[in-house]
A.B. asks: 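Before anything else, here's the structure in question.
Residue numbers start from 1 in every chain, and the chains themselves are labelled A, B, ... in the order their sequence lines are given, proteins ahead of strands.
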2 protein chains.
Amino acid sequence: MKITIKEIAKEAGVSTATVSMIVNNKDKRISEATRKRVLDVIKKYNYVPNAVAGSLVTQKTHIIGLILPDITNPFFPGIARGAEDKAHESGYSIIFSNSDGKHELEEKHIETLTKKMADGIIIVLSSENEHMSELLKKCKVPVVLIDRDLSSVNIRGKVLVDNFKGSYDAVTYLSKNGYKKIAYLSGPLNTKTASERLKGYKQALIDNKLIYDPKTVKCGEYKIEWGQMGVDSLLAEKADFDSIFCGNDLIAVGAMKQLKNHKIRVPEDIGIMGYDDIYMSSYVEPSLTTVKQPIYQMGYKAMELMLNILKSSNKETSQEIKTIILDTEIVERNSIKRKV
Amino acid sequence: MKITIKEIAKEAGVSTATVSMIVNNKDKRISEATRKRVLDVIKKYNYVPNAVAGSLVTQKTHIIGLILPDITNPFFPGIARGAEDKAHESGYSIIFSNSDGKHELEEKHIETLTKKMADGIIIVLSSENEHMSELLKKCKVPVVLIDRDLSSVNIRGKVLVDNFKGSYDAVTYLSKNGYKKIAYLSGPLNTKTASERLKGYKQALIDNKLIYDPKTVKCGEYKIEWGQMGVDSLLAEKADFDSIFCGNDLIAVGAMKQLKNHKIRVPEDIGIMGYDDIYMSSYVEPSLTTVKQPIYQMGYKAMELMLNILKSSNKETSQEIKTIILDTEIVERNSIKRKV
DNA sequence: ATAATTTAGTTAAACGTTTAAACAAAGGAA
DNA sequence: TTCCTTTGTTTAAACGTTTAACTAAATTAT
C-alpha cells in the first residue's frame with residue numbers, strides 16, 4: 001500500500017499540515033524537535049509526496065510542454081537538451097512531443113498539455129499561419145516561441161536568432177573570399193527563418209555589388225533530399241554559379257553529396273556554405289563552413305525566459321512580450337576556399 | 001476564470017457524474033437527449049477536463065518517464081521518437097530527461113517521476129552496477145529497459161539487441177571481404193553492450209580462423225574523441241592491422257577522421273566498420289559500412305511493451321520479465337572494400 | 001497580575017475529478 | 001394491483017495534498 005501524508009502525520013503524532021510544512025520547507029514555526037521526529041518517520045517509511053495531489057491545490061504542475069517538429073532532425077536535440085538542463089536546474093520537468101510540422105498534431109499536443117495542466121508551453125512552430133495564431137489563442141498558459149516568429153495573444157516570450165544578419169554575413173563572407181555568383185538553396189518560404197535569410201541574401205548581394213540572378217535561387221525544404229534535388233535542378237537549368245549558400249546544413253550536406261555524384265569538387269569547383277552548425281557538419285567531407293546558431297542556448301534561454309515569466313506572472317505584472325535575440329557566428333571549415 | 005465540470009453540470013442541468021460519464025464515453029446509460037445537451041454546453045464553454053484531478057482518483061497519469069543518457073548523442077533521438085510515436089498513438093505523454101550516465105541524475109529523475117506519479121519508466125541505463133539495481137528496487141512503477149541489460153526487481157520488460165551476433169556478423173563480414181587483421185576499438189566495458197560485442201568479436205575471430213592480437217583491441221568510450229585517440233594509440237604502438245571494427249559509429253567517425261589526419265586512406269589502406277547506423281553515417285566520407293541497429297524500433301517497441309504491461313497489470317497477472325530481442329543488419333557502404 | 005505578543009502547532013475547506021451505490025420513474029410480468 | 005426489471009440519473013465519498021484561519025500555551029511587557 002502506498003504511504004501518504006496522513007500515515008506519516010499519525011505515526012509522528014502531528015497534523016498533516018505540520019508534515020506538509022516540513023516537507024516543503026515552510027517550517028519557520030516548527031520546533032527542531034518535531035521537525036526531526038517527522039523527518040525520521042518520513043525516512044523510515046520512505047515517504048515521497050504525491051505531486052499530483054499537490055498540483056491540484058497549488059494549480060502548478062512544474063511541467064513545461066516542449067513541442068518540436070521532429071527530435072530526429074539534428075537541429076532539435078540541442079534545443080531539447082538546453083531546455084531540459086535549465087528545467088531540471090529549477091525543479092521542472094518537460095513533456096515533449098513531435099509535431100512533424102502538422103497543425104493537427106500541434107493542436108492535439110497543446111490540448112493534451114492543457115488537460116495535464118502544464119505550467120507553460122515552449123514551441124518551435126512549423127510555419128506561420130492563421131491556424132496557428134488561432135490555436136494559440138485557445139491555450140490558457142504562457143507560450144514561448146523558439147526560432148520561428150509569430151504574433152498572437154498568449155505569446156509571452158520569444159527566443160529568436162537574427163536570420164537576416166546571419167545570412168547577410170554568410171554571403172558577405174563568400175564575397176570576401178572571391179565568390180561572385182552565389183546560388184541560394186532556400187528552406188520553405190512560409191517560414192520566417194527562410195524568408196528572413198532570403199532577404200539577408202539579397203541585401204548582401206546588393207551591398208557587395210553582386211548580381212542577383214533569380215535562376216540561381218530555389219526554394220524547397222530544410223532536408224538533405226532537397227539539397228540533392230536543388231543541385232540537380234540548378235545543374236539541369238545550366239545556372240551559372242561558383243558557390244551555393246544553403247538554407248541550412250542539411251541542405252548543404254545534400255548539395256555536397258549530389259555535387260560529388262556529378263563529379264564536381266567542393267570546394268575546388270564550387271564552394272558550399274551552410275547554416276546552423278549541427279553536430280555532423282564537422283564530420284562530413286569536406287567539413288562544412290557554416291553559420292553557427294547557438295542551438296543549445298536557444299533551448300536554455302527559452303526555458304529560462306519561461307520560468308521567469310511564470311515567476312513574475314504571480315505578481316500579474318507586465319503583459320509585454322519578452323524577446324531575446326541571439327547572435328550567429330561564422331565557423332570556417334573546408335567547404336569554402338579563398339579564390340585568388 | 002477556469003471552467004470546471006461543475007459549471008458544465010449546472011448549466012446543462014445535470015449532475016457532474018453525468019458530465020463525467022459523457023466526457024469519458026462511459027455513457028451507455030445516458031439518453032441521447034441529455035448527451036447532446038451536455039455536449040453542446042461543453043462546446044459552448046470550450047470545457048477541457050482537468051487531467052490532474054482525474055489522475056488523483058484514477059491513480060493513472062498517462063505519463064511515461066523516459067530517461068536517456070543524452071538526447072544530443074545521435075543514437076538517442078531515434079529512440080525518443082519511436083517511444084513518443086507509440087505513446088501518442090495511445091494517448092500517453094512522455095516526460096523525458098537526460099542522465100549523462102550519472103547515477104545521481106538517474107536517481108533524481110526517478111524520484112521526480114515517482115512524485116509526479118508517472119505510470120511507468122523507460123530507461124536506457126548508463127552502466128550496470130549495484131547502485132542501479134538498488135535504485136530500481138525503490139521505484140514503485142513498472143520499468144522497461146532499453147539496450148543495456150540488468151536484472152533487478154521491478155524491471156518488467158526489456159528491449160535488447162543481440163550485440164554478440166551483431167558484432168560476430170560484422171567481423172565475419174570483414175573476414176569474408178578479405179581482411180585478416182581486424183583491430184577493435186571498443187566502448188566502455190562496464191556496459192553490457194560493449195562486453196557482448198567484444199565476445200562476438202573474439203568468437204568470430206576464432207570461427208574465421210583469424211588470430212586474436214590483444215595489442216589491437218582497445219577500450220574507451222562511445223565517442224568521436226575516443227575514435228581519434230584510439231587510432232593514435234594503435235598507430236603509436238605500431239599495431240599490425242588492416243581494418244578497424246568500431247564499437248559504434250561515433251567511434252568509427254572519429255577513427256576515420258584521425259586516419260585521414262595521418263594520411264591513411266579509407267578504405268584503400270584500412271577498412272572501417274561501425275555499429276548503430278546513426279543518421280550521419282550515410283553522409284560522412286567515405287560513407288560508413290556498419291551494423292544497423294533498429295533504433296526507432298527500440299523506442300517504439302519499448303513503449304509498446306510498457307503499455308501492454310500497464311494494461312495487463314490491472315489483472316495483476318504474470319510477474320515475468322518480457323524480453324524483446326531485435327535483430328541487427330549489416331549495411332554496406334564505402335568504408336570497406338573487398339580485398340582481392 | 002494582566003494584557004499583549006510570540007511560538008508552535010491544528011482544523012477544515014478546497015482543488016476538480018471519478019465511481020460505487022442509491023434512487024426514482026417507467027414498463028412488463030404475475 | 002403488486003412486484004420486479006430496466007433505464008436514466010443523482011448522491012456523496014474518495015483521491016492526497018496545501019493553506020488560510022484559528023487556537024492554546026508560553027513568553028514578554030506594563
Side-chain angles (χ1 to χ4, degrees), chain A residues 1-39 41-42 45-63 91 112 114-119 140-141 314, chain B residues 1-39 41-42 45-63 112 114-119 140 314:
Chain A
M1 196 205 61
K2 262 182 190 154
I3 174 124
T4 76
I5 200 173
K6 283 182 195 167
E7 276 88 48
I8 300 295
K10 180 183 281 183
E11 177 90 7
V14 295
S15 73
T16 63
T18 303
V19 177
S20 173
M21 285 164 146
I22 290 173
V23 167
N24 297 295
N25 285 321
K26 297 184 177 174
D27 53 354
K28 300 291 170 196
R29 293 186 118 75
I30 306 289
S31 75
E32 260 315 306
T34 55
R35 196 179 127 76
K36 181 172 175 356
R37 188 152 36 92
V38 169
L39 250 21
V41 177
I42 286 177
Y45 287 94
N46 227 295
Y47 166 67
V48 178
N50 180 326
V52 352
S55 293
L56 192 55
V57 13
T58 61
Q59 300 283 38
K60 286 185 179 51
T61 52
H62 293 259
I63 288 176
T112 302
T114 310
K115 276 190 198 164
K116 297 207 165 140
M117 277 183 49
D119 293 340
K140 303 297 179 216
V141 296
N314 297 338
Chain B
M1 195 207 61
K2 262 183 191 156
I3 173 126
T4 75
I5 200 172
K6 283 182 194 167
E7 276 88 49
I8 300 295
K10 181 184 281 184
E11 176 90 7
V14 297
S15 74
T16 62
T18 304
V19 178
S20 174
M21 284 164 148
I22 290 173
V23 167
N24 297 294
N25 287 322
K26 297 186 177 175
D27 55 353
K28 300 293 171 195
R29 293 184 118 76
I30 307 287
S31 74
E32 260 316 305
T34 54
R35 195 179 128 77
K36 181 173 174 358
R37 190 152 34 91
V38 170
L39 251 20
V41 178
I42 285 176
Y45 287 94
N46 227 295
Y47 165 67
V48 178
N50 180 326
V52 352
S55 293
L56 192 55
V57 13
T58 60
Q59 300 283 37
K60 287 185 178 49
T61 53
H62 292 257
I63 289 176
T112 302
T114 310
K115 275 190 198 164
K116 296 206 167 140
M117 276 183 50
D119 292 341
K140 303 296 180 216
N314 297 339

A.B. asks: Report the residue from B:Leu39, B:Val41, B:Val23 that forms a side chain to side chain contact (heavy atoms under 4.5 Å, CB included) with B:Ile8.
C.D. replies: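 For B:Ile8, the side chain to side chain contact (heavy atoms under 4.5 Å, CB included) check succeeds only for B:Val41.
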A.B. asks: On DNA chain C, nearest-nucleotide positions of B:Val52 versus A:Thr16: which is more 5'?
C.D. replies: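 First, find each residue's nearest nucleotide; the 5'-ward one identifies A:Thr16.
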A.B. asks: Got a sec, which residues hit side chain to side chain donor-acceptor pair (under 3.5 Å) with B:Thr112, two or more places apart in sequence or on another chain?
C.D. replies: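 Per chain and number, B:Thr112 pairs via side chain to side chain donor-acceptor pair (under 3.5 Å) with no residue.
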A.B. asks: Could you pull out all residues at least two apart from A:Thr58 that satisfy side chain to side chain donor-acceptor pair (under 3.5 Å)?
C.D. replies: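 With sequence neighbours excluded, A:Thr58 shows a side chain to side chain donor-acceptor pair (under 3.5 Å) to no residue whatsoever.
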A.B. asks: What's the NZ-C1' distance between A:Lys26 and D:dA20, to the nearest Å?
C.D. replies: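 Value for this atom pair: 12 Å.
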A.B. asks: Base, sugar-phosphate, or nothing for B:Ser20, non-hydrogen atoms under 4.0 angstrom?
C.D. replies: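 Here B:Ser20 touches the bases of the nucleic acid.
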A.B. asks: Taking 5' to 3' order, which nucleotide of DNA chain C is first and which is last to have an atom within less than 4.0 Å of a heavy atom in chain B?
C.D. replies: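 Both ends considered, the range comes out as C:dG16 to C:dT19.
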A.B. asks: Heavy atoms under 4.0 Å, any strand shown: does A:Val14 hit a base, just sugar-phosphate, or nothing?
C.D. replies: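 Contact class for A:Val14: sugar-phosphate only.
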A.B. asks: To check you understand the geometry: which heavy-atom pair defines the closest contact between B:His62 and B:Asp119, and what is its length?
C.D. replies: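 Closest approach of B:His62 to B:Asp119: N-OD2, 2.7 Å.
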A.B. asks: So, using side-chain contact (heavy atoms from CB on, under 4.5 Å) as the criterion, who are the partners of B:Arg29 when residues are at least two apart?
C.D. replies: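 B:Arg29 satisfies side-chain contact (heavy atoms from CB on, under 4.5 Å) with no residue once adjacent residues are dropped.
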A.B. asks: Using a cut-off of 4.0 Å on non-hydrogen atoms, how would the nucleic acid contact of A:Ser15 be classed: base, sugar-phosphate, or nothing?
C.D. replies: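 Base, at least one base atom sits under 4.0 Å.
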A.B. asks: Restricting to side-chain contact (heavy atoms from CB on, under 4.5 Å), what partner residues turn up for B:Ser55, sequence neighbours left out?
C.D. replies: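 Checked B:Ser55 against side-chain contact (heavy atoms from CB on, under 4.5 Å); matches are A:Val52, B:Thr61.
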A.B. asks: Could you go through nucleotides 4-7 of chain D and list every protein N or O atom that sits under 3.5 Å from one of its N or O atoms, giving the distance for each pair?
C.D. replies:
none

A.B. asks: Among residues at least two apart in sequence or on other chains, which ones pass side-chain contact (heavy atoms from CB on, under 4.5 Å) with B:Lys6?
C.D. replies: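 side-chain contact (heavy atoms from CB on, under 4.5 Å) list for B:Lys6, sorted by chain: B:Thr4, B:Thr16.
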A.B. asks: Between B:Glu7 and B:Tyr45, does any side-chain donor sit less than 3.5 Å from a side-chain acceptor?
C.D. replies: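 The criterion, which ignores hydrogens and geometry beyond distance, is not satisfied for B:Tyr45 and B:Glu7.
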A.B. asks: Between B:Glu32 and B:Ala53, name the one whose nearest nucleotide on DNA chain D is closer to the 5' end.
C.D. replies: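 The answer here is B:Glu32.
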A.B. asks: Could you check whether B:Ser31 gets within reach of a base, just the sugar-phosphate, or nothing at all, counting any heavy atom under 4.0 Å?
C.D. replies: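 The answer is sugar-phosphate, as B:Ser31 gets under 4.0 Å only of primed atoms, P, OP1 or OP2.
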A.B. asks: For B:Ala17 and B:Gly54, take the nucleotide of DNA chain D holding the closest heavy atom to each; which residue's nucleotide lies nearer the 5' end?
C.D. replies: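 Result of the comparison: B:Ala17.
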A.B. asks: In whole Å, what is the span from the CZ atom of B:Arg37 to the C1' atom of D:dG8?
C.D. replies: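 Nearest whole value for this atom pair: 12 Å.
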A.B. asks: Restricting to side-chain contact (heavy atoms from CB on, under 4.5 Å), what partner residues turn up for A:Val141, sequence neighbours left out?
C.D. replies: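 For A:Val141 the side-chain contact (heavy atoms from CB on, under 4.5 Å) partners, ignoring immediate neighbours, are A:Ile121, A:Cys139.
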A.B. asks: Under the rule for side chain to side chain donor-acceptor pair (under 3.5 Å), what residues qualify as partners of B:Lys26, not counting sequence neighbours?
C.D. replies: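 With sequence neighbours excluded, B:Lys26 shows a side chain to side chain donor-acceptor pair (under 3.5 Å) to no residue whatsoever.
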A.B. asks: Give A:Ser55 one of three labels, base, sugar-phosphate or nothing, depending on what nucleic acid heavy atoms sit under 4.0 Å from its own.
C.D. replies: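 If one applies the 4.0 Å heavy-atom cut-off, A:Ser55 turns out to touch nothing in the nucleic acid.
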A.B. asks: Could you give the angle between the helix axes at the two ends of the helix from C:dA1-D:dT30 to C:dA30-D:dT1, with five pairs per end, rounded to 10 degrees?
C.D. replies: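 Both end axes considered, the difference amounts to 60°.
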A.B. asks: Just to verify, what does A:Lys10 make a side chain to side chain donor-acceptor pair (under 3.5 Å) with, not counting sequence neighbours?
C.D. replies: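 Once residues adjacent in sequence are excluded, A:Lys10 has no partner under the side chain to side chain donor-acceptor pair (under 3.5 Å) criterion.
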